[in-house]
Amino acid sequence: MSDLLSTLNPAQQEAVRHFEGPALVVAGAGSGKTRTVVHRIAYLMRERRVYPSEILAVTFTNKAAGEMKERLVRMVGPQAKELWVATFHAAAVRILRVYGEYVGLRPGFVIYDEDDQNALLKEVLKELELEAKPGPFRAMLDRIKNRGEGLSAFLKEAPDYIGGVPKEVAAEVYHRYQKALRSQGAVDFNDLLLLTIELFEGHPEVLRKVRQRARFIHVDEYQDTNPVQYRLTRLLAGEKPNLMVVGDPDQSIYGFRAADIQNILRFTQDYPEARVIRLEENYRSSRPILQVANAVIEKNALRLEKVLRPTKEGGEPVRLYRAPNAREEAAFVAREVVRLGGYQGIAVLYRTNAQSRLLEEHLRRAGVPVRLVGAVGFFERREVKDLLAYARVAVNPADGINLRRIVNTPPRGVGASTVGKLADYAQKAGVSLYEAFCSAQQVLSRPQPVLAFVELLQELMEAAFESSPVAFFEQVLEATGFREALREEPDGEERLQNVEELLRAARDWEVEEGGSLSEFLDSVALTARAEEPQGQAPAEAVTLMTLHNAKGLEFPTVFLVGLEENLLPHRNSLSRLEDLEEERRLFYVGITRAQERLYLSYAEERETYGRREYTRPSRFLEDIPRELLWEVGAFGEAPAPPSHPPAKPEKALHQGFKGGEKVRHPKFGQGTVVAAMGEEVTVMFPGVGLKRLALRFAGLERLE
DNA sequence: TTAAATGTAATTTTT
DNA sequence: TTACATTTAA
């Protein structure tokens, strides 16, 4: 059936028809990436006679997985149910729920989220009587576990002191953390992937089985894979990989979470026989917007050459507004929004969450409904987490972190000192905190409240087995007087609303997915930050969010605000070249969200932590040819009076050379200047890599 | 045990 | 400035 191809452009068709072997699809922003993957999967089934039960598609978010699945159902019908479409983590959970015991997991293991991890880490620090702040240790844990190379590799590279303690002590923190996780029957997000790797490596027969279920593999957003996901992908793909990775190095913005852009850049080295397909036709944005996007991203060195080509004709010029201060910038946005109307299609994007405040304030004042995305995720609200903690303890009483969380929530006279005594006892006796609770009689002089709590828990444990999630939560609410306690608190009404929202979410889940309480918890753990429940969000509103949150979305009108040095690029990203390029990609991602209308703005003065700061326009604005920008005045359309051009940084930091220039080096040959600072230039030499060179000695020759 | 007071640090955050 | 976490007082 040719209709799978007829609506696609030639590059998309090539991707869809690709059959066996590795392939890299470099999919520019708005190039119909998902569409291509979906068609490819359908094509595999229809034309290549591949069973849906042999196809795996990995995405990074549940939202993406859900969308892909939905489109596939529409395209190929109910067979799509047999396809395996999941996030890395969800796929891992599915595997570990079956084979987890092979790698030492107990059947009812729970997944610890970020809060739980932090709480556990704090306990470990306390146990070791370290006064140190958890921050540096948290970073250490993430680093070790994101790379998956183990502790020893980390210790070789680590500085001598971590968080003020010798790194050998820090190593002990790591050990204890891991041990504590396991003894509580818990895993963190990284463990899900690491243990799956361990499972595959130690049990080839399991790997073989899973491979049968994944003969054709797709990995979406490949530029965002971290080293562990990379290894997992390679393991799964095996010797003769039918592996199609899809992504865009120019949209790699999660380096700080250990995503390694090199994974996609190196793909053709990993798989020399790989076919490379570039999707460069853009169906989203008008020509002027794409011209700006191309001009910006072209200055990066760490990328695969690619130019977005418009398919839309015409379009308004990109506007630039220079505001005297951040307030005026926000006021400008609000005025323009009011003038445009149609709030639904408008987004205001910024680098840091702190910027949202002013914007929200001014928009609200102008009577504009606002949807703030991503501040505090629904499942992260305290009262919601409290209720979930009951469920997690009921499923797995060994979970000390969540046990601590609920023991006095709502208050029942079991405070920190009581829990401390019980924890000491647990430690000495080598039992779990829960078991210590059960022995309260021997530990406490007034064990009554604790014993009553234990009794409650025992009822809940039974309920966890027998009841549906909704019934379980009802029972918790009933038995603990949760609602009544909430009502007493400030913001009680809102918190109660959230509780009701959780019940509704559980009810929806029962209808759509169905399953045990434990399965519900998995699903919550894996979707955590995701979508806001429908309840509160106004239907028609302007969307406010960070650039990171905007990835994958599109809006007819986009405001990109705060385009200033120290904000974008952020001050913490100025010193390292890779970070600076990531900041540029962030800008690029922002630009490419816009379909028809794009506003760029910066303020000459902004308050940071209550201090007034004078700012300079972002260096990225310099990358945009003047003729592509239309400078507007405070009231919109009128071209601004004579204005300063998007100003240059105060002093030229470079001598002669400038980012983007082509040069020749006597030894490394031709390259592109990535950055120039003082006496030093950094040059990307294709095939050689990045080199930092001293201007005086390098003997660089400018090519034009 | 809880509430007020003080100190401190402040990017981004798919799972 | 403000959000939070820990300390201190009631």
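Everything quoted here is computed from the prediction, not taken from an experiment. Protein chains get the first letters and strands the later ones, always in sequence-line order, with residue 1 at the start of each.
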| query | Taking only Watson-Crick and G-U wobble pairs with both distances under 3.5 Å, what dot-bracket line describes DNA chain B, where [ ] shows pairs that cross earlier ones and | shows pairs with another strand? | reply | ||||||||||.....
| request: Would you indicate which nucleotide in B/dT13, B/dT15, B/dT11 comes nearest to any side-chain atom of A/Thr61? | output: B/dT15
| Presence of salt bridge, A/Arg584 and A/Asp623, under 4.0 angstrom | yes
| How many Å lie between CG on A/Asp142 and C1' on B/dT15, as a whole number? | 12 Å
| Along DNA chain B (nearest heavy atom to each residue), the more 5'-positioned of A/Asp224 and A/Thr418 | A/Thr418
| message | Expressed as a whole number of angstroms, how long is the span from A/Leu574:CG to B/dT11:C1'? | response | 12 Å
| said: Check for me whether the distance between the ring centres of A/Phe256 and A/His570 falls short of 6.0 Å. | reply: no
| B/dT11 and C/dT6: how far apart are their C1' atoms, nearest whole angstrom? | 24 Å
| said: Measure CD/A/Gln355 against P/B/dT11 and give the value in whole Å, please. | reply: 11 Å
| Of the listed nucleotides B/dT12, B/dT11, B/dT15, the one nearest the side chain of A/Arg257 | B/dT15
| So, do A/Asn118 and A/Pro134 sit near enough that their side-chain heavy atoms are less than 4.5 Å apart? | no
| request: Mind calculating the distance between CZ (A/Arg612) and P (C/dT1) to the nearest angstrom? | output: 13 Å
| Which part of the nucleic acid does A/Val414 contact within heavy-atom distance under 4.0 Å: base, sugar-phosphate only, or nothing? | sugar-phosphate
| d(OH, A/Tyr254; P, B/dT11) in whole Å | 17 Å
| Can you tell which of B/dT2, B/dT11, B/dT13 lies closest to the side chain of A/Asn408? | B/dT2
| field | Whole-Å distance separating the CG atom of A/Leu586 from the P atom of B/dT11 | value | 14 Å
| salt_bridge(A/Glu564, A/Arg616) N-O dist < 4.0 Å | no
| said: Output the rounded distance in Å from CG (A/Asn146) to C1' (B/dT12). | reply: 15 Å
| query | Considering heavy-atom distances to DNA chain B, does A/Thr352 or A/His89 have its closest nucleotide positioned more toward the 5' end? | reply | A/Thr352
| task | Remember a base hit wins even if backbone is also touched, and classify A/Glu582 as base, sugar-phosphate or nothing at under 4.0 Å, heavy atoms. | result | nothing
| said: Using OP1 and OP2 only, check whether a side-chain N or O of A/Thr527 sits under 4.0 Å from B/dT15. | reply: no
| field | A/Lys145 vs A/Asp191 side-chain heavy atoms within contact, under 4.5 Å | value | yes
| query | Taking only N and O in the side chain of A/Asn62, is any of them less than 4.0 Å away from OP1 or OP2 of B/dT15? | reply | yes
| task | Can you spot which of A/Leu232, A/Leu236, A/Val93, A/Leu235 makes a side-chain contact (heavy atoms from CB on, under 4.5 Å) with A/Thr196? | result | A/Leu232
| message | On the nucleotide C/dT2, are OP1 or OP2 found under 4.0 Å from the side-chain N or O atoms that A/Arg357 carries? | response | yes
| request: When you get a sec, tell me which of B/dT2, B/dT13, B/dA10 is the closest nucleotide to the side chain of A/Asn549? | output: B/dT13
| message | If I take atom CG in residue A/Asn353 and atom C1' in nucleotide B/dA10, what distance separates them, rounded to the nearest angstrom? | response | 12 Å
| query | Does A/Arg571 get its side chain close enough to the base of B/dT11, under 3.5 Å, for a donor-acceptor pair? | reply | no
| said: Ring centres within less than 5.5 Å and planes less than 30° apart: is that true of A/His570 and B/dT11 in this structure? | reply: yes
| query | Is A/Arg357 paired with A/Glu361 through a side-chain N to carboxylate O contact shorter than 4.0 Å? | reply | no
| Honestly, is A/Arg97 close enough over A/Phe109, meaning NZ or CZ under 6.0 Å from the six-membered ring centre and within 45° of the axis? | yes
